[in-house]
Amino acid sequence: MKEDNLPFFWPKTEIIYQKPKKVEKPKKDNCDLCGLFYGCQSPKMHYNGEGKKKILFVAEANGAQEDLQNNQLVGEAGQLLRMHLRKLKFELDEDGWKDNALACRPENNRTPTAREIALCRPRLMENIKLLKPEKIILLGKVAVQAVLGDRISITSIGKWVGQQIPDQDLQCWIFPTYHPSFLLRDRDNLVLEKLFYSHLRDAINWDHPFAIEYYEVGTRRYYEWPNEDLQYRLNKILETKPTIAFDYETTGIKPHANGHEILCISIADYDTEQSIVFPIFKDENFLELIKKILTDPEINKVAHNAKFEDCWTRFILGYRVQGWHWDTMLAAHVLDNREGICGLKFQTYINYGVIGYDSFIKPYIVSKSKNCNHFNRLKEVPLKDLLLYCAIDSKYTMKLYKRQKELMSVRLNKGYQLLFEGMLEFCDTEAIGIRVDDEYLIKQDKHLKKRLDRLTRKIEASKEVELWDKNRDKKFNINSSKMLQDLFINLLDYDLSKKTLKGNDSTDKEVLASLDTDFTRLILDYKKLFKIRGTYLAGFIRENIDGIMRPNFNLHTTRTFRSSSNAVNFQNIPRRDIEAQRICRRSIIPRLGRFLLEVDYSGLEVHIAACYNKDPVLIEYLEDETTDMHRDEAMNLFLLEEDQVTKEIRFVAKNSFVFAEFYGSYFVECAKNLWRDIDSLKLENGIPLKEHLKSNHISNYSTFEAHVANVEDMLWNEKYIVYRDWKKKIWADYQKTGNIKTLTGFRCGGLMKKNDVFSYPIQGSSFHCLLWSFIQLNQIAKKESWKSYLIGQIHDSIIVDVVPDEFEHIKKTVKRVMCEDVRNHWNWIIVPLSVSAEVTKTDGNWYDKEKIEI
DNA sequence: ATACTGGGCGCG
DNA sequence: AAAGCGCGCCCAGTAT
């Protein structure tokens, strides 16, 4: 009997968790390599504290006070920490130990570099080994990097804080939280303080026993077929119909290109949480058995990202999975909407302390190309390793599933179920894909290359670049914003009006447009075409296979519980710029003999906002079709009579004032944008809008800004008072509870700014109206065997590839579902919803389209 | 080579 | 005091 075929309860007494540990002995020269100890008063500080309660605190590095007193956490931040700990009857120096990521103080308290952290890590690890703490509390990102950074990449602290991790390598519990100095920088942030305190409290009071993960025990690997034991186990599944978690290893991300394969399958058992794993044997009987399992609706299936397994089953095995039951990735997202937490590796680490079991796979998963259709190198992995890896994945998927079922409240489960159903319908959408005109794409790509070359030559011949060449060594690169910055500020002596997020001078579209020279116009032209070619055309060409591209539609990525789309992103194809729209959207075409239909909800977010705030003025606007909230604000802003408000003027008022204000902007920002937007606008009678304002005593920007301030004041303090009070209330709620709950069953947590708190629920719930409708329509389409396809979704719109015969029926159904059924389903929708529609010509393209009545 | 950040820009 | 939200993807530049 080969070792791998031992019965899975075979008494393996050894601890099987034996991922080879890097033994990092502190090298003598690490301190010399770092050199920080030269520059401080208390170099190479020893850990301190009595550690009576066996808790080790790891902070970043010593500050001025610490360096002076040769003791950790004695400065202002340390005092804040002590204050909170005292509330928990915990004395830092007596009950805990203290250490830092760095033993020496960096000059001026600057943030330690990754290199310094790495050099000092062996020292810290040595201390952990020596002290054998039961718990480690990590204060801030640098501490997390120091303790976890060599095993997992730490990009932000946000997703780590508040986790309670039974770290298997260190054999102790790890509790990351913020650094107290982060609280000092934002003293009025009540939520931050509450979170910090609750993290400390939970860590100090934590009394769960530390469970060792023996993740290889019981894993059953099969290398050959036929195999009696495997046959027996698969048949047992068919007989007893348990809930299973399954996982594939495959040759790539998308299965559609020729030659892709599913390499192996693992199936985890509900009761034992153990896995069986085996390659896809090329044998009829085997394949039949697998098919029976995967298509049995009574066998509940769990997966981490079910969309992936569903997609590969369709395309490689040729049938549909029946009995989808749970998606641990979606559930992880619903339970915690912070960014980047729902991957299986992260979940496995924070829940079970197991980390790095994918390390020997990683080099083989790397694909040189961004193309999702390309092949990875998993076929080169020794089968033994690949099978083990696959088995561990499904095992932890099962464990996660069971834990999530316990954590999921009734309320959150409603939200989860919506996403789960949506995900299942998106499986169809992604399988169908979107038809593109590949020939056109290649032609346009060449054409754009020529245009870009011409523009490049013109730009290079300009006096501006001549000046650059005289003063700088490096060749001028139009795509380098740093070089543009340098050119404009240092060589051309311009004063750029706008700063980037990090406080540098911005050279974005708005700034360049305001400079308005021949040179900046060329640059803008170039940038636009470059984007069209590099992002859109290139993406469509790269991702399409035989004229079909299959964007992903995801429900696990966003803070707001909206969807996202990638590979390629179907949700940001140019529309506002007419030339960009034409070039890009001409490539998107219906199937033969069909046309595209796009149905949008009209002003959905405003309607959903009204459902939240129940502002009577807003509701009245939305109920009474003879009124128009944007027109009224245009009248206020530009001192116009009702019949003087043109479509363009209304558009500007809507986008640069009403929406901006609703999302939390304020009059200065609005006034600036409005002043820019109305520059070329005229009244019906040809009088420029700015002339009209002038004759009403608004002759320059500063009087206009003061006027907008007045209109803003009226907007919030006279008109939408209830809306204003709702904003106050929801902010107060968030400060009290640390999260906000949406009408569609979701909970948004984590650190949020004021404006986040208002917009997340509105944005999310708006999309959920669309998602609910999408689910119904796709289910109806399947039930009624439509030949037309739902091919995509853009937040508040649905795109259908329509067979002309079915058009009338589809129109009626879509309108009924989107406007009526959804209101019957959710009685919190207290305002009427309406839709508008556009169609392309039969065998036309997504650029040539016209509005229709629906 | 690879990973990450910053700036920029497309959409709702 | 702070002042619009949410995404994904492109390139340049830097660190490792």
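As the structure is a computational prediction, the values presented were derived from the model and not from experiment. Sequence lines set the chain letters: A, B, ... in the order given, protein chains first and strands last, and positions in each chain run from 1.
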dG10(B) base to N572(A) side chain: any donor-acceptor pair below 3.5 Å?
yes
Minimum-distance nucleotide to N755(A) side chain [options: dC5(C), dT16(C), dC7(C)]:
dC5(C)
Any base atoms under 4.0 Å from S665(A), or only sugar-phosphate, or nothing? Heavy atoms, all strands.
base
Spacing of R585(A) atom CZ relative to dG10(B) atom C1', expressed in whole Å
10 Å
Counting only Watson-Crick or G-U wobble pairs whose two distances fall under 3.5 Å, which nucleotide matches dT14(C)?
dA3(B)
Any S759(A) side-chain nitrogen or oxygen under 4.0 Å from OP1 or OP2 of dG6(C):
no
Counting the atoms with a prime plus P, OP1 and OP2 as sugar-phosphate, which does R576(A) contact under 4.0 Å by heavy atoms, base, sugar-phosphate, or nothing?
base
No-H, no-angle donor-acceptor pair, R575(A) side chain to dG10(B) base, under 3.5 Å:
no
By nearest atom, which of the nucleotides dG12(B), dA3(C), dG10(B) is closest to the Q763(A) side chain?
dG12(B)
Describe the nucleic acid contact of S766(A) in one word from base, sugar-phosphate, nothing, applying a heavy-atom distance below 4.0 Å.
nothing
Have a look at R542(A) and say if it touches a base, only the backbone sugar-phosphate, or nothing, with a 4.0 Å heavy-atom cut-off.
sugar-phosphate
Look at all strands and tell whether A538(A) reaches a base, only sugar-phosphate, or nothing, counting heavy atoms closer than 4.0 Å.
nothing
Among dT16(C), dG8(C), dG6(C), the one nearest N566(A) by side-chain distance
dG8(C)
Side-chain ion pair, R451(A) and E579(A), N-O less than 4.0 Å:
yes
Of the listed nucleotides dG8(B), dC7(C), dG12(B), the one nearest the side chain of I794(A)
dG12(B)
Checking all strands, does S563(A) fall into the base, sugar-phosphate, or nothing category for heavy-atom contacts under 4.0 angstrom?
nothing
dG13(C) phosphate, OP1 or OP2: any side-chain N/O from S480(A) under 4.0 angstrom?
yes
Among dC7(C), dC10(C), dC9(B), which nucleotide sits nearest the side chain of K370(A)?
dC10(C)
Whole Å only: how far is the NZ atom of K362(A) from the C1' atom of dA1(B)?
16 Å
Establish whether the base of dC9(B) is bridged to the side chain of K509(A) by a donor-acceptor pair shorter than 3.5 Å.
no
Do E193(A) and R187(A) make a side-chain contact, defined as non-hydrogen atoms from C-beta onward lying under 4.5 Å apart?
no
Calculate the interatomic distance between E579(A) atom CD and dG10(B) atom C1'; express it in whole Å.
15 Å
Which part of the nucleic acid, if any, lies within reach of T113(A) when heavy atoms closer than 4.0 Å are counted: base, sugar-phosphate only, or nothing?
nothing
Let me know the distance between NZ of K482(A) and C1' of dG8(B), rounded to the nearest Å.
14 Å
Have D486(A) and N490(A) got a donor and an acceptor in their side chains that come within less than 3.5 Å?
yes
Measure from CD on Q581(A) to C1' on dC9(B) and round the result to the nearest Å.
17 Å
Can you figure out which of dG8(B), dA3(C), dC7(C) approaches the side chain of Y666(A) most closely?
dA3(C)
Selection from dG6(C), dC9(C), dC11(B) that lies nearest to any side-chain heavy atom of N569(A)
dC9(C)
What nucleic acid atoms does K502(A) come within less than 4.0 Å of, heavy atoms only: base, sugar-phosphate, or nothing?
sugar-phosphate
Winner on side-chain proximity to P574(A), out of dA12(C), dG10(B), dC9(B), is dG10(B)
If you check the N504(A) side chain, which of dG7(B), dG8(B), dG6(C) turns out closest?
dG7(B)
OP1 or OP2 of dG6(C) less than 4.0 angstrom from a side-chain nitrogen or oxygen of Y760(A), does that happen here?
yes
May I ask you to say whether E339(A) pairs ionically with R559(A), meaning some side-chain N is under 4.0 Å from a carboxylate O?
no
Exercise: do S836(A) and D600(A) side chains pair donor with acceptor under 3.5 Å
no
For dC4(B), does either OP1 or OP2 sit under 4.0 Å from a side-chain N or O belonging to S153(A)?
yes
Measure from the side-chain heavy atoms of F530(A) and tell me the nearest of dG6(C), dG7(B), dC11(C).
dC11(C)
Figure out the CG/P separation between N477(A) and dC10(C), and round it to whole Å.
17 Å
Between H630(A) and F659(A) (judged by ring centroids, cut-off 6.0 Å), do the two rings come close enough to count as a pair?
yes
S506(A) near the nucleic acid: base, sugar-phosphate alone, or nothing, with a heavy-atom cut-off under 4.0 Å?
sugar-phosphate
Between R585(A) and W846(A), is NZ or CZ placed under 6.0 angstrom from the six-membered ring centre and within 45° of the ring axis?
yes
